[in-house]
Engineer: 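Quick one: structure below, then a few questions.
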Amino acid sequence: MKNKLISKLYSTLYEEYGPQGWWPLSTIKTNNGYHPNNYKYPVTNQERFEICVGAILTQNTSWKNVEKAITNLKEINALCMLYFLDTLEVKIKKAIRPAGYFNQKYKKLVAFTKFFLSLKKRTPIREELLGIWGIGPETADSILLYAYNQPIFVVDAYTRKLLLKNKIIKEKEKVSYDYIQKIFMDNLKRDYKLYQEYYALIVVTGKVKNK
DNA sequence: AGCCAGGCTACCG
DNA sequence: CGGTAGCATGGC
């Protein structure tokens, strides 16, 4: 389905807020980890792993809380695919506690880390990610878009609100994740930089503007 | 003092 | 299939 509004909305948001430099990384000391206008990240497999961990920890959780958890993981040397599985369960859970749901998220991180190690640097496909316990569509797509620079659009609560507000979808009709994703991908160039920027802008505006 | 956050699973009808 | 309880913490 064609819809001119999709690319127009992007221009409007970009002009207002500028490049966002997602996904933030603890290895970048400036700008709180953000890297506007720099699309080379992740540089290392370690940074790639950190993005995936963040994507899981931020499920239904504010990024502020995730930052604490990531800092804690780093302090106990567990923010690393080679050491994570060797770290005591209680230590990990204590570290990720600020991100909430720590029992569930611990299980999710274990399942994901095993998978990540089995990849040996190969890029995963969406179905593989969705097959992992604890990885749903948004987390899978965040990982593909930001950890692997794949042009896959991420849909979340803010994305739906943006479409509702602009009357591209209606409140009543039940719109699936895949349907919304298709609206964006049908109307944008297949460009991971554009997708990374667009989704970041959606979240940023979603936060700023009331609800 | 509630309500909400960059969701997902399990289980129900 | 669609709908929803449960998961947990910190910020506002």
Side-chain angles (χ1 to χ4, degrees), chain A residues 9-10 13 17 19-26 32-36 41-42 50-73 89-113 115 124 126-148 150 152-165 169-181 184 192 195-211:
Chain A
L9 272 173
Y10 174 73
L13 292 175
Y17 295 97
Q20 297 301 308
W22 276 35
W23 190 283
L25 282 165
S26 69
N32 210 18
Y34 293 88
H35 44 89
Y41 292 101
E50 179 180 327
I51 294 170
C52 298
V53 169
I56 290 169
L57 289 179
T58 201
Q59 290 173 1
N60 202 35
T61 303
S62 69
W63 183 252
K64 266 271 171 281
N65 287 359
V66 176
E67 280 179 330
K68 294 183 213 290
I70 286 184
T71 301
N72 293 343
L73 283 175
E89 177 175 342
V90 287
K91 288 186 69 179
I92 302 267
K93 285 187 175 176
K94 189 180 174 191
I96 65 173
R97 196 184 185 87
Y101 310 116
F102 57 86
N103 289 307
Q104 286 197 350
K105 282 178 179 173
Y106 171 75
K107 276 176 64 183
K108 294 179 182 182
L109 290 175
V110 168
F112 176 78
T113 303
F115 170 77
R126 192 168 191 263
E127 286 66 31
E128 287 179 300
L129 291 169
L130 291 175
I132 303 166
W133 189 87
I135 308 281
E138 186 189 335
T139 310
D141 291 339
S142 295
I143 288 172
L144 290 170
L145 179 59
Y146 291 103
Y148 290 93
Q150 301 295 300
I152 311 282
F153 207 88
V154 179
V155 176
D156 75 345
Y158 292 135
T159 317
R160 290 170 189 272
K161 275 180 202 162
L162 181 72
L163 294 187
L164 265 178
K165 203 179 140 198
I169 60 174
K170 295 187 201 93
E171 183 88 54
K172 292 291 190 279
E173 64 190 15
K174 42 198 168 189
V175 267
S176 70
Y177 183 100
D178 293 344
Y179 180 83
I180 292 182
Q181 182 177 56
F184 283 90
Y192 82 88
Y195 289 14
Q196 287 184 350
E197 213 61 85
Y198 204 156
Y199 176 61
L201 286 165
I202 287 174
V203 174
V204 168
T205 60
K207 279 178 182 165
V208 177
K209 292 178 182 168
N210 50 61
K211 58 180 303 186

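In what follows, every chain begins at residue 1, and chains take the letters A, B, ... in the order their sequences are listed.
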Engineer: Take atom P in C:dC7 and the same atom in B:dA1, then report the distance between them in whole Å.
Structural biologist: 24 Å

Engineer: For a quick test of reading the model, state the closest non-hydrogen atom pair linking A:E50 to A:P24 and the distance between them.
Structural biologist: OE2-O, 4.3 Å

Engineer: Got a sec, which residues hit side chain to side chain contact (heavy atoms under 4.5 Å, CB included) with A:Q181, two or more places apart in sequence or on another chain?
Structural biologist: A:R126, A:D141, A:I152, A:F153, A:V155, A:Y177, A:D178, A:M185

Engineer: May I ask you to say what A:D156 touches in the nucleic acid, namely base, sugar-phosphate or nothing, with a heavy-atom cut-off under 4.0 Å?
Structural biologist: sugar-phosphate

Engineer: What residues, two or more places apart in sequence or in another chain, satisfy side-chain hydrogen bond (donor to acceptor under 3.5 Å, both in side chains) together with A:D156?
Structural biologist: A:T159, A:Y199

Engineer: To the nearest Å, how far apart are A:L129 CG and B:dC8 C1'?
Structural biologist: 14 Å

Engineer: Just to verify, what does A:A200 make a side chain to side chain contact (heavy atoms under 4.5 Å, CB included) with, not counting sequence neighbours?
Structural biologist: A:Q20, A:W22, A:Y146

Engineer: Side chain to side chain contact (heavy atoms under 4.5 Å, CB included) with A:K107: which residues, sequence neighbours excluded?
Structural biologist: A:W133

Engineer: On DNA chain C, check which nucleotide each of A:K64 and A:A99 is closest to and give me the residue with the more 5' one.
Structural biologist: A:A99

Engineer: Could you tell me the boundaries of the chain A footprint on DNA chain C, defined by atoms under 4.0 Å from its heavy atoms?
Structural biologist: C:dG2 to C:dG11

Engineer: For DNA chain C, what residues of residues 139-147 of chain A have any heavy atom nearer than 4.0 Å?
Structural biologist: none

Engineer: Identify each atom pair where a protein N or O and an N or O of nucleotides 9-11 of chain B are less than 3.5 Å apart, giving names and distance.
Structural biologist:
from: B:dT9; atom 1: OP1; to: A:G134; atom 2: N; distance (Å): 3.0
from: B:dT9; atom 1: O3'; to: A:W133; atom 2: NE1; distance (Å): 2.9
from: B:dA10; atom 1: OP1; to: A:W133; atom 2: NE1; distance (Å): 3.2

Engineer: Atom CD of A:E138 and atom C1' of B:dA5: how far apart are they, to the nearest Å?
Structural biologist: 11 Å

Engineer: Determine the interplanar angle of the A:Y198 and A:F184 rings, folded into 0 to 90°, and report it as parallel if under 30°, tilted if 30 to 60°, perpendicular if over 60°.
Structural biologist: perpendicular

Engineer: Mind checking what makes side chain to side chain contact (heavy atoms under 4.5 Å, CB included) contact with A:T113, not counting sequence neighbours?
Structural biologist: A:F49, A:F84, A:L85, A:L117

Engineer: Taking the P atom in each of B:dT9 and C:dG10, what is the distance between them to the nearest angstrom?
Structural biologist: 24 Å

Engineer: Could you summarise the pairing of DNA chain B as dot-bracket text, marking Watson-Crick and G-U pairs under 3.5 Å with ( ) or [ ] inside the strand and | across strands?
Structural biologist: .||||.|||||||

Engineer: At 4.0 Å (heavy atoms only), tell me whether A:K105 reaches a base, stays on the sugar-phosphate, or touches nothing.
Structural biologist: nothing

Engineer: For atom C1', what is the distance between C:dA8 and B:dG2, given to the nearest Å?
Structural biologist: 16 Å

Engineer: Closest approach of A:P124 and A:L144, non-hydrogen atoms and distance?
Structural biologist: O-CD2, 3.5 Å

Engineer: Show every salt bridge (charged side-chain N to carboxylate O under 4.0 Å, His left out) that has at least one partner inside residues 196-205 of chain A, sequence neighbours left out.
Structural biologist: none

Engineer: Applying a 4.0 Å non-hydrogen cut-off, can you work out what A:F102 is touching in the nucleic acid: base, sugar-phosphate, or nothing?
Structural biologist: sugar-phosphate

Engineer: Please find the pair of heavy atoms, one from A:L130 and one from A:P137, that lie closest to each other, and give the distance.
Structural biologist: CD2-N, 3.6 Å

Engineer: Please give me the minimum heavy-atom distance between A:Y158 and A:V203, naming the atom from each residue.
Structural biologist: CD1-CA, 3.7 Å

Engineer: Minimum heavy-atom separation for A:L13 and A:L201, please, with both atom names.
Structural biologist: O-CD2, 3.8 Å

Engineer: Do any pairs count as a salt bridge (charged side-chain N to carboxylate O under 4.0 Å, His left out) and have a residue in residues 91-101 of chain A, sequence neighbours left out, and if so which ones?
Structural biologist: A:E89-A:K93

Engineer: In residues 53-61 of chain A, what donor-acceptor pairs under 3.5 Å come from side-chain atoms, sequence neighbours left out?
Structural biologist:
from: A:T58; atom 1: OG1; to: A:T61; atom 2: O; distance (Å): 3.1
from: A:Q59; atom 1: OE1; to: A:K108; atom 2: NZ; distance (Å): 2.6
from: A:Q59; atom 1: NE2; to: A:G134; atom 2: O; distance (Å): 3.0
from: A:Q59; atom 1: NE2; to: A:T139; atom 2: OG1; distance (Å): 2.9
from: A:N60; atom 1: ND2; to: A:Y101; atom 2: OH; distance (Å): 2.9
from: A:T61; atom 1: OG1; to: A:Q59; atom 2: O; distance (Å): 2.8
from: A:T61; atom 1: OG1; to: A:A99; atom 2: O; distance (Å): 3.2
from: A:T61; atom 1: OG1; to: A:K105; atom 2: NZ; distance (Å): 2.8

